[in-house]
Amino acid sequence: MTKKWTTEQMPRMDDKVVVVTGANSGLGMETTRALAAKGAHVVMACRSAEKAEPAMAALKEQLPRASLEFMPLDLASLASIAAFAESFANAYTRLDVLCNNAGVMALPYRKTADGFEMQIGTNHLGHFALTGRLLKLLNATERARVVTVSSMFHAQGRIRFDDINWTQGYKKWPAYGQSKLANLLFAFELQRRLEKSGSEVLSVAAHPGYAATNLQAVGPVMENSGFLQTLMDVSNKLLAQPAEMGALPSIYACSSGDVAGGAYYGPDGFKEMRGHPVQVGCSKRARSEADASRLWALSQDLTKVRYLS
């Protein structure tokens, strides 16, 4: 990229089918808005109609010609993921972009429907299972891609292979870091396996820097902590960039013809906290092929979803 990239430089997305997880708010909604504005048909994969329909109505008010559809998906439930993939495959013969965007951050200890710690279960294992179940359609679509959204916090993460679900000594921020490191290990390993299998699907990753969304508030609300809610609100107002800027790396990864498989995109500003999308680096742990292979095997065992040797 020779100049600052914005949505004005996006190519047209006519006739393309895109799935965005967590499309009803924050980065997911901004990603959906940008893709739909360029002509893509966007399937908003959200937990409930209650969450999705107001967002869809707001987008339609701004973009009357937007092609949007809600399909229910709860990434904290393997049964819901399987049902979504079956419904999608029954309705569509192609999938141009799968944007693994949805996530939770720094929650008090919770478990998914399948007994996984909520952050690793939602942020990584849910998207691992979803991608595997949609891979056949991705492979059937020319120049398809999978975009997985990580975070700067991946650099603080370590994969607890002996206790990935934090049954002992749970700490919410290290658990979040683990899940975001897992996102990168998955994205890079998926690219290696796609190449090895001869697939032309691209797997890339992106992060938003520090973006003001409702993601930061969920944990404090669950903990009923007024202090933490106020702290997050003030921090968002003073330090964070708007969600529409935070979504740019994901939008770039979903749409640009310059995207490279196995690449990682984030903001170009100080400490990658804000700015326009560029290719960025990551921690050494995120590029560990041994850890990626080990995590892949563990993820298959936990989700019972197997794909690509």
Side-chain angles (χ1 to χ4, degrees), residues 21-29 45-48 50-52 55 72-81 100-130 148-186 207-240 243 246 273 285 295 298-299 302-303:
T21 66
N24 58 280
S25 66
L27 303 176
M29 187 167 178
C46 310
R47 279 197 304 252
S48 67
E50 182 182 8
K51 290 179 176 293
L73 171 67
D74 182 357
L75 288 163
S77 164
L78 293 176
S80 175
I81 293 165
N100 290 327
N101 163 81
V104 293
M105 184 178 79
L107 303 181
Y109 188 73
R110 297 286 191 279
K111 290 183 179 181
T112 69
D114 304 284
F116 308 139
E117 184 274 317
M118 186 63 74
Q119 297 191 82
I120 195 70
T122 301
N123 298 353
H124 167 61
L125 293 171
H127 282 124
F128 179 93
L130 178 66
T148 301
V149 180
S150 183
S151 163
M152 295 184 293
F153 267 94
H154 86 270
Q156 279 71 54
R158 288 177 171 80
I159 306 299
R160 289 163 53 105
F161 287 107
D162 58 340
D163 187 18
I164 199 169
N165 286 307
W166 289 86
T167 60
Q168 302 293 325
Y170 179 73
K171 296 179 181 179
K172 62 184 181 181
W173 284 107
Y176 178 66
Q178 173 183 247
S179 73
K180 294 288 100 179
L181 173 59
N183 286 151
L184 282 187
L185 287 167
F186 165 67
H207 82 81
Y210 184 8
T213 71
N214 63 3
L215 183 68
Q216 293 93 338
V218 175
V221 168
M222 282 186 172
E223 295 180 65
N224 196 29
S225 173
F227 170 74
L228 287 178
Q229 290 179 56
T230 300
L231 180 64
M232 288 297 184
D233 184 54
V234 171
S235 181
N236 274 355
K237 289 178 180 177
L238 294 180
L239 300 175
M273 291 183 66
R285 290 191 193 94
L295 178 63
L298 179 59
S299 300
L302 291 172
T303 64

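Residues forming a side chain to side chain donor-acceptor pair (under 3.5 Å) with Arg47 (at least two apart in sequence, or on another chain): none. Annotation: side chain to side chain donor-acceptor pair (under 3.5 Å) contacts of Ser48 (sequence neighbours excluded): none. Here Ala76 pairs with Asp74, Thr112, Met118, Thr122 under the side chain to side chain contact (heavy atoms under 4.5 Å, CB included) rule; sequence neighbours left out. Shown here are the ring pair (Phe, Tyr, Trp, His ring centres under 6.0 Å) partners of His207, two or more places apart in sequence or in another chain: Tyr264. With sequence neighbours excluded, the residues that form a side chain to side chain donor-acceptor pair (under 3.5 Å) with Ser179 are Asn123. In this view, Arg285 satisfies the salt bridge (charged side-chain N to carboxylate O under 4.0 Å, His left out) rule with no residue, not counting sequence neighbours. Qualifying side chain to side chain contact (heavy atoms under 4.5 Å, CB included) partners for Ala129, counting only residues two or more places apart in sequence or in other chains: Leu78, Ile81, Thr303, Val305. Scored by the ring pair (Phe, Tyr, Trp, His ring centres under 6.0 Å) test, Phe116 finds no partners at all (sequence neighbours excluded). Here Ser299 pairs with His124, Leu125, Phe128, Leu295 under the side chain to side chain contact (heavy atoms under 4.5 Å, CB included) rule; sequence neighbours left out. Not a single side chain to side chain donor-acceptor pair (under 3.5 Å) links Asn101 to another residue, sequence neighbours left out.
Here the side chains of Ile164 and Gln178 are in contact, with some heavy-atom distance below 4.5 Å.
Looking at every heavy atom in both residues, Ala211 comes nearest to Leu27 through CB-CD2, 4.1 Å. Closest non-hydrogen pair, Pro208 versus Ser150, comes out as CD-O, 3.7 Å. Residues Cys46 and Ala23 share a closest heavy-atom pair of SG-N, 3.7 Å.
Among residue pairs with one or both ends in residues 111-120, none qualify as salt bridge (Lys or Arg N to Asp or Glu O under 4.0 Å); sequence neighbours excluded.
Side-chain atoms of Lys180 come within 3.5 Å of backbone atoms of Val149 as a donor-acceptor pair (strictly under, hydrogens ignored).
In this model, a donor atom of one side chain and an acceptor atom of the other lie less than 3.5 Å apart for Thr21 and His127.
To the nearest 0.5 angstrom, Leu75 atom CG is 8.0 Å from Asn100 atom CG. The CG atom of Leu181 sits 4.0 Å away from atom CD1 of Ile159, with the distance rounded to the nearest 0.5 Å.
Each of Tyr176, Trp166, Tyr170 was checked for a side chain to side chain donor-acceptor pair (under 3.5 Å) with Gln119, and the lone residue meeting it is Tyr170.
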